[in-house]
Amino acid sequence: MNKSLKPGENTSLSQATGQVRISHSVGTNLDINLTAFLVTDLGKVIDDNGMVFFNAPRHASGAASFIAPVTQGSTLTHCIDFDLSHLPANITKIAITLTQDGSTSGFSSVNNLTAQVIAGSSILELTPGLFSQETGIIVLELYVRNGQNKARAVWQGFASGLEGLCHYYGVEVEQPKAAAVPAPTPAPVNIKKTLVTLTKPDSSHKISLIKGALAPKSILVSATWIDNGDGRDNDDLDLRVGILRPDGQMSIIQAPDRAGAFNADPFVFHTGDVISASISDPGRETVEINPAISRLMGGESCSGLQRIFCP
């Protein structure tokens, strides 16, 4: 039995076991990856083992397993097997995501994208949303509710690829290590101050006048800090964004409870909460701002980003 599911819709599955299968046309400079995140009711993984992908192909519980992509003719197919009966007690859902980290321009370069959930003799067709420069997509969620195995089509796009989705679900990503360069020990930062300046010494601010396809696809704002070395647990700063809407109302974006969204209202996305910092491993929080925020909110001028502060 075949059934179609549009973004935002959910349905019951005939059994707890099955497979998510996503296919698309083979393309030059594409780097498509299918990933599962096993998350709690807070929408975060318990630890890094909650991510199932090409470098960690099986969750210890057996609830999700990554299958290596297969090429048949001009079609590339990605699969993840699932077994909702094996979900640990503290895991409430499996989020299935798709990312495009190749050198081409996001999912606008991915042709003939299809997604299916196969459970027994039933095939659930997931109708994709429309995407352009997005490099990450939450495709669907698998979960159990009131004893029923269920699937919900999401198709929410992000502009931050696999790394951004990792931050969204609380997975720490190992960064490439740069060659060690001797440097003087930075002076301690007084993290008790309530205002953080984002201006760098000897820096200049430039506005891009480029239009069309070459225009910036996102605006990034980051705050970086280190522990002041006083031995106290007071190095959890938070980057918050105030959005002044055309009607004069203010919206606040902060992680993890109000992370926002890049391609949906409020068009500002907080990539994740950082709760610790040190001299060797500074804390860093980042927000992504959709450059079209003013137009998308119905404003005639840039009434989008009003101020950023760190209480």
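Keep in mind it's a predicted model, so treat the numbers as computed, not measured. One is the number of the first residue; the rest follow in order along the sequence.
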Tell me whether [X] contacts the main-chain N or O of [Y] through its side chain, where contact means a donor paired with an acceptor under 3.5 Å.
X    : Y    : answer
S14  : A119 : yes
T99  : D101 : no
T135 : G161 : yes
Q100 : G136 : no
T97  : I137 : no
D47  : N49  : yes
D83  : T17  : no

Given the rule that I, L, V, M, F, W and Y join up when any side-chain heavy atoms are under 4.5 Å apart, are [X] and [Y] in one cluster?
X    : Y    : result
F66  : V70  : no
L162 : L140 : yes
V139 : Y143 : no
L30  : V26  : no
F267 : W155 : no

Locate the shortest heavy-atom distance separating [X] from [Y]; write the atom from each residue and the value.
X    : Y    : answer
G102 : D31  : N-CB, 3.5 Å
P266 : I243 : CB-CD1, 3.7 Å
G170 : V45  : O-CG2, 3.7 Å
V20  : L34  : O-CD2, 4.4 Å
R21  : C79  : CG-SG, 3.7 Å
L13  : A151 : CD2-CB, 4.0 Å

To the nearest 0.5 Å, tell me how far [X] [atom1] sits from [Y] [atom2].
X    : Y    : atom1 : atom2 : value
L38  : H86  : CG    : NE2   : 13.0 Å
H270 : T286 : NE2   : OG1   : 8.0 Å
L113 : S25  : CG    : OG    : 9.5 Å
Q156 : L165 : CD    : CG    : 9.0 Å
E288 : I253 : CD    : CD1   : 12.5 Å
I123 : I118 : CD1   : CD1   : 5.0 Å

Quick one, I94 and L87 - any side-chain contact, counting heavy atoms below 4.5 Å?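 Sidechains of L87 and I94: in contact.
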Pick from V39, I138, T271: which one makes a side-chain contact (heavy atoms from CB on, under 4.5 Å) with Y168?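 It is I138; the other options fail the test.
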Quick one: which of V154, I96, T92 gives a side-chain contact (heavy atoms from CB on, under 4.5 Å) with E141?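 By the side-chain contact (heavy atoms from CB on, under 4.5 Å) criterion, E141 pairs with just one of V154, I96, T92: V154.
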Exceeds 12 heavy-atom contacts within 6.0 angstrom, atom CD of Q15: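 Above 12, so yes.
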Over 12 non-hydrogen atoms of neighbours within 6.0 angstrom of CZ in R258: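 More than 12 within 6.0 Å, yes.
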Under the side-chain hydrogen bond (donor to acceptor under 3.5 Å, both in side chains) criterion, do S108 and S132 qualify, and how do the steps go? CA-CA 4 Å; S108 61; S132 56; over 6 Å; no
Please lay out, stage by stage, how N263 and F131 fare under the test side-chain contact (heavy atoms from CB on, under 4.5 Å). CA-CA 10 Å; N263 289 309; F131 301 101; 5.9 Å; no
Criterion side-chain contact (heavy atoms from CB on, under 4.5 Å) on H24 and H78, from CA distance to verdict: CA-CA 9 Å; H24 58 86; H78 312 257; 2.9 Å; yes
Would K3 and S122 satisfy side-chain contact (heavy atoms from CB on, under 4.5 Å), going step by step from the backbone distance to the final call? CA-CA 8 Å; K3 183 177 181 178; S122 300; over 6 Å; no
List for me each residue that meets salt bridge (Lys or Arg N to Asp or Glu O under 4.0 Å) alongside K44, sequence neighbours excluded, and say none if there are none.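 Result, salt bridge (Lys or Arg N to Asp or Glu O under 4.0 Å) vs K44: none returned.
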Aromatic rings F158 and F269: how do their planes relate, parallel, tilted or perpendicular, breaks at 30° and 60°?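 Rings of F158 and F269: perpendicular, as their planes differ by over 60°.
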Kindly indicate, with the supporting measurements, whether the criterion side-chain contact (heavy atoms from CB on, under 4.5 Å) is fulfilled by N33 and F53. CA-CA 8 Å; N33 294 291; F53 69 123; over 6 Å; no
